[in-house]
Q: 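Structure incoming, see below.
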Number of protein chains: 2
Amino acid sequence: MNEQDFLAAYDPHAYPAVAVTVDVVALTIRDGALHLLLIRRGEQPHAGLWALPGGFVRPDEDLVTAARRELAEETGLAGEPLRRVHVEQLASYGAPDRDPRMRIVSIAHLAFAPDLPDATAGTDADEAAWVAVAELTNRQLAFDHGQIVADGLERARSKLEYTPLATRFLAPEFTIGELRAVYETVWGHQLHAGNFHRKVLSVPGFVESTGASTERGGTRGGPRARLYRAGDARLLHPALLRPALLRPAREETVR
Amino acid sequence: MNEQDFLAAYDPHAYPAVAVTVDVVALTIRDGALHLLLIRRGEQPHAGLWALPGGFVRPDEDLVTAARRELAEETGLAGEPLRRVHVEQLASYGAPDRDPRMRIVSIAHLAFAPDLPDATAGTDADEAAWVAVAELTNRQLAFDHGQIVADGLERARSKLEYTPLATRFLAPEFTIGELRAVYETVWGHQLHAGNFHRKVLSVPGFVESTGASTERGGTRGGPRARLYRAGDARLLHPALLRPALLRPAREETVR
DNA sequence: CTAGGTTATTCTCAAGTCGAGATGTTCTCA
DNA sequence: TGAGAACATCTCGACTTGAGAATAACCTAG
């Protein structure tokens, strides 16, 4: 049998029924706190519980495209603002019993977004909201989404170390102080302002000066700060290492 | 409708037909060179081409379990030797046209194995072999397996930096020189023996002394070396950074 | 058995990086 | 107008790194 004949005779339904979905751990910073996009499920199973935005991958759609579509549907984002959101694959979750309906393998994605307007519910949810990560500890999420969020957060903390993705939480032009606030928020730890400043400017390609400064000083005083934009580096070298205190003790969630 | 009724009425085949497979990028070191486990496909499509070992995920099987099963089938490994192989999830590949049969999403895994006996072909392959990675450049692989291998290699190089997984390429007891050889092989670059030695012993939990030494010096001379075993650290801190020369210029494949 | 080459292990030293603290200045707010 | 906050730079000591070298143990060839 040649390849042509083989394909003509091939029956896709001969294989076990598995569904593939994408889920999105979308992070942003609001009011100085890390927030996560959640929807309240409007349908069974787990109706009423909070869950990650996500859904089935369409037949002609790439995985990351599906993730961006789901994100767009829940945030109302489109065009240039949507393009500025960073989306990357996080990991896949496929325990046989993770969904009571059937075998569902979910390709989780991680997204970094600048401060966005309030979320708007999509079709299969009656509520979508940015929820402060700090308030998540006592809230139960649907399916294994609690684990996915934990993995996503650890990945985010880790990505700030060796990529310039912290800038994706900010407007195109930002000050070093704003960038430091991103690190402090995601890592949950104060950083030494002077050392951070020195380090950021010394890593090639991390940020580049716009030549301009802010119009006014900060709300609580201080001089006008210089403005920077993201540089062209895709990896930071040398990296901005987290204080030893903040790194994970085990490795399970680290990729 | 409550959750019970919902599940009873649920029809799995109402959703698009997608198959989920696992593929394994299994690496080992043979004769001082990095090798990759490949099978020659015995069935359409791409019959005759070399491909990664892999196959459909069974209904009651976790993803990493499926990957370990596929690996065991191709290497003939079982029991303790199989347990010593490190397997972790690499990434998922789901471009709509990556397989001509149907929509197939593959969860690729990465495995680090000590030097193993020759591979034995499984049921759907007429040949399985450890192939030197260096000889792979001019060989075409089936599907998108070339990309998966490239991603796996970059991940492996990166994992050696911040995890103690290099020890998984070796026997339970090894010398610092053998460990250095792993790094040199995977990174494709000579390292400074003295500095490597100092660094490995200074990273907490990387290796621990067995108190013993090798019975004889190396085949080409030198004193007997002390023997070590893997320590209990899961992450190396501070990391063993690759020379700047060896790090990827872009970030696409880095997780 | 010996010479020469190879490897393990430890040192030295200069250059680079990091954490902590301090300084001088510019701003905002009360 | 004065206090307090934030920006931008410096300093300094501790630590890490890269490169070279020293010493000693051990193998193989001859």
Side-chain angles (χ1 to χ4, degrees), chain A residues 32 160-162 170 173-185 187 189-204 206-228 236-247, chain B residues 32 160-162 170 173-185 187 189-204 206-228 236-247:
Chain A
L160 292 210
E161 293 191 286
Y162 62 94
L170 299 171
E173 298 198 351
F174 50 85
T175 69
I176 301 293
E178 289 165 348
L179 185 61
R180 177 165 48 83
V182 170
Y183 278 88
E184 292 179 335
T185 301
W187 285 351
H189 192 267
Q190 296 284 115
L191 299 175
H192 184 294
N195 292 343
F196 182 85
H197 199 280
R198 173 182 62 185
K199 178 72 186 180
V200 165
L201 295 186
S202 77
V203 176
F206 191 2
V207 299
E208 56 187 34
S209 175
T210 65
S213 294
T214 53
E215 288 298 312
R216 309 174 28 98
T219 40
R220 290 187 294 177
R224 300 172 187 182
R226 289 175 211 162
L227 285 168
Y228 297 82
L236 302 183
H237 185 71
L240 280 86
L241 295 181
R242 276 180 280 186
L245 200 70
L246 301 180
R247 50 191 56 254
Chain B
L160 291 209
E161 293 191 284
Y162 62 94
L170 298 171
E173 298 199 350
F174 50 84
T175 68
I176 301 293
E178 289 166 348
L179 185 60
R180 176 164 49 83
V182 171
Y183 278 88
E184 292 179 337
T185 301
W187 286 351
H189 192 266
Q190 295 286 115
L191 299 175
H192 184 292
N195 292 342
F196 183 86
H197 199 281
R198 173 182 60 186
K199 177 72 186 180
V200 166
L201 295 186
S202 77
V203 175
F206 191 0
V207 298
E208 57 187 34
S209 175
T210 65
S213 293
T214 51
E215 287 299 311
R216 309 175 26 98
T219 39
R220 289 187 295 178
R224 299 173 188 180
R226 289 176 211 163
L227 286 168
Y228 298 83
L236 304 181
H237 185 72
L240 279 87
L241 295 180
R242 276 181 279 187
L245 202 70
L246 300 180
R247 49 191 56 254

Q: Sub-3.5 Å donor-acceptor pair from the side chain of Thr214(A) to the main-chain atoms of Gly217(A), do we have one?
A: no
Q: Do any N or O atoms of the protein come closer than 3.5 Å to N or O atoms of nucleotides 25-30 of chain C, and which pairs are they?
A:
from	atom 1	to	atom 2	distance (Å)
dT26(C)	O2	Pro223(A)	N	3.1
dC27(C)	O4'	Gly222(A)	O	2.9
dC27(C)	O2	Gly222(A)	N	2.9
dT28(C)	O4'	Gly221(A)	N	3.4
dT28(C)	O3'	Thr219(A)	O	3.3

Q: Heavy-atom distance under 4.5 Å between the side chains of Leu179(B) and Phe206(B), does that happen here?
A: yes
Q: Measure the distance from CG on Leu227(B) to P on dA8(C) and round it to the nearest whole Å.
A: 11 Å
Q: Could you tell me whether the phosphate oxygens of dT7(C), OP1 or OP2, come under 4.0 Å of any side-chain nitrogen or oxygen in Arg180(B)?
A: no
Q: Using the closest heavy atom to pick a nucleotide of DNA chain C for each, name whichever of Arg242(A) or Ala225(B) lands nearer the 5' end.
A: Ala225(B)
Q: Looking at CG of Asn195(B) and CG of Leu240(B), how far apart are the two atoms once the value is rounded to the nearest 0.5 Å?
A: 11.0 Å
Q: Specify the closest pair of heavy atoms between Val203(A) and Pro238(A), including all atoms of both residues, with the distance to one decimal.
A: CG2-O, 3.5 Å
Q: Which value, rounded to the nearest 0.5 Å, describes the distance between Leu227(A) atom CG and Glu208(A) atom CD?
A: 12.5 Å
Q: Tell me, do Glu161(A) and Trp187(A) make a side-chain contact under 4.5 Å, heavy atoms counted?
A: yes
Q: Report the distance from atom CZ of Arg198(B) to atom P of dA8(C), rounded to the nearest whole Å.
A: 17 Å
Q: How many Å lie between CG on Leu179(B) and P on dT7(C), as a whole number?
A: 17 Å
Q: In whole angstroms, how far is the C1' atom of dT7(C) from the CG atom of Leu191(B)?
A: 16 Å
Q: Show each protein N/O and nucleotides 21-24 of chain C N/O combination with a separation under 3.5 Å, one pair to a line.
A:
from	atom 1	to	atom 2	distance (Å)
dG21(C)	N7	His192(A)	NE2	2.7

Q: State, with a plain yes or no, whether a side-chain heavy atom of Arg247(B) is found less than 4.5 Å away from one of Leu241(B).
A: yes
Q: For the atom pair NE2 (His192(A)) and NE2 (His197(A)), what is the distance rounded to the nearest 0.5 Å?
A: 12.5 Å
Q: Between CZ of Arg226(A) and CG of Leu201(A), what distance do you get to the nearest 0.5 Å?
A: 8.5 Å
Q: Once you round it to whole Å, what is the distance between C1' of dA8(C) and CZ of Phe174(B)?
A: 16 Å
Q: In whole angstrom, what separates Phe196(B)'s CZ from dA8(C)'s P?
A: 11 Å
Q: Could you pull out the closest heavy-atom pair between His237(B) and Pro204(B), with the gap in Å?
A: O-CD, 3.5 Å
Q: Check Leu191(B) against Glu184(B) and note the closest heavy-atom contact, atom names and distance.
A: N-OE2, 2.9 Å
Q: Can a side chain N or O of His197(B) be found less than 4.0 Å away from OP1 or OP2 on dA8(C)?
A: no
Q: Using the heavy-atom set of chain A and a strict 4.0 Å cut-off, write down the first and last nucleotide of DNA chain D that makes it in, 5' to 3'.
A: dG4(D) to dT11(D)
Q: Within the pair Lys199(A) and dC18(C), is there a side-chain N or O less than 4.0 Å away from OP1 or OP2?
A: yes
